[in-house]
Each structure stands twice: as C-alpha cells, then as structure tokens.
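Data block below; observations after.
Proteins come first, then strands; the chains are lettered A, B, ... in the order of their sequence lines, and each starts at number 1.
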Amino acid sequence: MSLKIYNTLTGKKEEFVPLKPGEVKIYTCGVTVYDYNHVGHGRSLIVFDMIRRYLRYLGYNVKFVRNFTDVDDKIINRANRECVPFTVIADKYIKEYFEDAENFRIEPADVEPRVTTHIPDIIDFIQKLIDKGYAYEVDGDVYFSVRKFKEYGKLSKRSVDELIAGARVEASDKKRDPLDFALWKRSKAGEPSWDSPWGKGRPGWHTECCAMIFKHLGETIDIHGGGLDLTFPHHENELAQAEALTDKPFARYWVHNGLVTVNGQKMSKSLGNYITLKEIYSKYEPDILRLLVLSVHYRSPLDFSWEKMEDTKKAYDKLKSAIDDVNILEKLPENPNFEGHLYDDIAKAEQGFYEAMSDDFNSPEALASIFKLVREMNILKNRAVKEGGISKKALQSYREASEIIYKILRDIFGLFDSLQPCVETEEIKAKKESEVKIDENLIETLIEVRNKARKSKKYDIADYIRDKLKDLGIVIEDTPVGTKWKKI
RNA sequence: GGCGGGGUAGCCAAGUGGUAAGGCAGGGGACUGCAAAUCCCUUAUACGCGGGUUCGAUUCCCGCCCCCGCCUCCA
C-alpha cells in the first residue's frame, strides 16, 4: 500500500519513498529542557509517535531519533536565577520529560541524544563548514554565511531579500551579513563553555541537530519533523548548514505538526496560556489527550479546551465499551438461527482505516471508520440481547471486531496501553488520597443486594442504592447478563 | 507588508467536480420497573462573501472579508 506524506519542502502531498527500501530514518526536534512540557509539546510527541507506529505497522524498519537541547540561553538564565549549575536545570527537566512521555505512552526514541554529549561532533561539523567556506570565525564566534547557500529559504518559502526587508534581523557588528546566524558562541563570564579551535564557547541552536543527525542517522534522513513553528528559522538553518556541507538532500520529507491554541491563540509560555501535561494527566486518563490529538488532522491547528477533553472522554468510553461488551455476548446462550455477522463490516473498517492513514496520516478519518464498525457491533449486540441468543459465527465475528479495534488503537494510536498514569506525581497521589477508597467487593455486594431488591420489586431500595453509588462515582448499567459498573 | 494555513451544522471535525464521514450536544422513538448503555429517526436548501469556468462547484479559477501561525526564542 502506498503512503502519501505532505512535504513542507515541496508544499505537496507526495508518495513516500524512503532512501533505503524498507528502512525509515526519522529525526524530530525534541524539547529545550528549561521548564515543564505543555500540551503543545504533547501534541508533537503524540503525532510523531503515531507516525512512527504507523510506519512500523506498514512494515518499515524505523529508526527514530529525538534530541534534548540541554544547553541554551533559557536554561542558562534559569540556572542563574536559581543559582544552580545549568546541568541541574537540564537534568531536572529531562527527568520531567521522561515522566510525561511515559504517562502518554510516547515510545522512547531509539537514540535520545543530548547536545552536551555531542560537543566534539558539533565542533567537527562547524570546522568542516569553515573549511568549505560556508562559515567564518570572528572573535571567538562562528557564523554561517547565509548568502553563500543559494537555496536558502527554500523550506520556509522566503527569500533573503524579504528577510532583509523584514528588518527584524538584529544587526550585529560581528556578522558580515545580518542574515548570518551563529554556529558557535563565544562564552561570556560564568556561562558553560567547551574548548574549541575558536576558544571557549558553546554551540548555537541550529547546529546541534545537524551534528546529531549526521552522527546517529547519516547525511540524508527520510523524515525530519517538528512543530510548525520550527520551520523558520530553525529547520531552514539546519537545512542550509547540512546541504551546504554535503551537497546532498538533508531530509527527504519535512513534516510539521500544527500548533495547539487556546481560544485561538498559540499556546505558549510567554502568553501564559499553557496547560502542562502534568495537569492533563492529573485530571484525565492520558489516553484522552491522545485521542483528542488524533481526532484532528496533525497539520491543522488544534484549539485546546477542557470541554473538548470531556467530549473526547465520552467518545473514548464508547470505543472502550464496544470492545468490552464482547463479555456480554459471551454469556448469551447459543442460537444457531441467529442471522448475520460482522465480517464485511470488519473488512470495510480495516480498509477505511488504512486508506485514511496512508493519506498523509488522516487519523480523524481513520477513526471515523472505526466508529462505523462500532455502530455495527452495537446493532448486532442489541439484536442478540433482544433475541436472547447468538450464533457461534456472529459471536466470533464480534470477538474479532473487538480484537481488531483494540489492536489497531493500541498499536497505532497508542491507546489502551494502560488506563492509569504509570508515573504518579504528587498531585495525583494527593488526589487519590482525598478520594474515598472504593472497595470492589463491597460494590459487588451492594449490587447483589440491589438486584435482590429488584427481583422482589422493591424499586425504591434498588434506586436508592444506585443513587448512592452514583454519588460515590460508580455508575450502574443493567444488562441481560448481569449488572455492569464503572467508575467515572 | 511578505510567506504559510484556515473559514463546513449548536460545538468539534473529515471530505468530494454530481449535491455533505465521524464525535459531542439537542429533539422524537425503541429498549428498561425506572435508569444507564445502545440502536432508529431527526438537526447544514447546503460548506466565509462576490464573480467566473462547467450540464453541474462546497470542491477548480479570480477578487474580497475575517481568523491563525511564521518572519525574534518557541513543539
């Protein structure tokens, strides 16, 4: 099956053909570790996790690299403010990152390199650019000569003249051209620094990714990803450096996810309108955010709201109960005369799912085909319950439908891996402690009592128990084969 | 200003040159002791506005309006 991917570089959906058949090399820009991750970071992580999983599903051997920027101005500023070495800040937020990633079932990358452990590679990279005439040293700084790279601007679709006209480019007396950007920054007093041929300093932001990509994946990768806001200048600069040096395509497909907004405004630190991932999973199962993110095409903007989380939770529960309700059918007596089965619907849903996913990872449409199957499952279930029996074949088809949905959503969307956060934060612990401890045996007993009351038509007692349980957050559903309950 | 992406029902959100997937919400019905869950029917004379091409456009072209992002660090 062919896969189409929208390539920022060409502005078109293109047939995906990896450099080496059967293998996909992906790099995504990870986070700068100076603060907690928010939903915007989460979206990017979830999107590329899904892309990676889908590629693997298609049979590709995927090598995935995601970096940490663990030295930069923001980290240094924060460290200075808190009077600690910058490594303390970086280490703390790398730890936080892993906690978030684990909670959202973001698979660890195959390599998760840190800038500070790749300094020699970065220096080597810069030196080669100088040797080739694309970079120059001035007073301990090294700059990239943007105008020397004739194709500069091809990714973000802008010309160097426009950029000059924009006049936002900060003039530096050291740069030969205001468009040039720093590959290496001479360290100021008190800043972290490493020895280099140009004196003590530290790498500029755009260079690290190139050096780490070359080291871990090679000079041409298949997919380079990140948030849309990284297109310029970061990815443009990366591309310029890499291609200037190698004269080879740096990335075959540039993939950018849309940004998360709040009330239409970009979620960002500076606006203060951000919601941390911790806050999400202290309130909801991590799966809910995953499903919300995948309910929107990855290139569209996603306006976050708690109302949407609520809506998504309901949709999620619908998927979950369709899968779980196989247990109701299992308990029904066999009825060989029961007509119908789900095999055609399963085939249609699977095909719909994969066609949608293969069209630039159209997860919302893929999800729609799952929901269509869910409806067919519910129709079959209703009928079986009404008729008081089901045929072996129909039951088996429901079982398979249930398994396929579960498998698809787990393997590709990363749902259902676990329904609870796997890392408990203080906030979650506190929340749990404040909750009334619910004893499952006790609930079963109450339900038994209620069912006895129902049998003897003492509905006031039965309803009283149901209401009281609801107050405790337990919802009851009577089914022909017994009473189901769940926590809300 | 330049570049990029959008404007689809009450709210989200896919999609198509031949008359609109899916989710949530609302109304009616079935089921239920009542509920819950689920199903059925129903909710866009129609896809920002105005032109054009076409037998036919929401989908293609042109113009306009509005929103967002990038152009400075940002997933």
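When the P atom is compared between B:G50 and B:U59, the two are found 12 Å apart, to the nearest whole Å. The same atom, C1', is picked in B:C12 and in B:A44; the two are 15 Å apart, to the nearest Å. The separation of B:U42 from B:G52, taken at their C1' atoms, amounts to 38 Å, rounded to a whole angstrom. Going from the P atom of B:G69 to that of B:U38 covers 37 Å, rounded to whole Å. Nucleotides B:A25 and B:A20, compared at atom P, are 25 Å apart to the nearest Å.
With hydrogens and angles left out, the side chain of A:Asn378 and the base of B:U38 share no donor-acceptor pair within 3.5 Å. For A:Asp463 against B:G33, a side-chain-to-base donor-acceptor contact under 3.5 Å is present. Within 3.5 Å, a donor on the side chain of A:Lys74 pairs with an acceptor on the base of B:C73, or the reverse. Side-chain N/O atoms of A:Arg375 and base N/O atoms of B:C39 include no donor-acceptor pair closer than 3.5 Å. For A:Arg43 against B:A75, no side-chain N or O and base N or O form a donor-acceptor pair under 3.5 Å. Residue side chain A:Arg454 reaches the base of B:G33 through a donor-acceptor N/O pair under 3.5 Å, judged by distance alone.
Side-chain atoms of A:Asp70 and A:Tyr93 include no donor-acceptor pair closer than 3.5 Å.
Checking B:A21 for Watson-Crick or G-U wobble geometry (two distances, each under 3.5 Å) identifies no partner in any strand.
Of the charged side-chain nitrogens involved, at least one lies within less than 4.0 Å of a carboxylate oxygen, so that A:Arg78 and A:Asp35 count as a salt-bridged pair.
Because its NZ or CZ atom is not both nearer than 6.0 Å to the ring centre of A:Tyr316 and within 45° of the ring axis, A:Arg290 does not count as a cation-pi partner of that residue.
For A:Lys314 and B:A25, the shortest distance from a side-chain N or O to OP1 or OP2 is below 4.0 Å. A:Lys266 has no side-chain polar atom (N or O) that falls below the 4.0 Å cut-off from OP1 or OP2 of B:C68.
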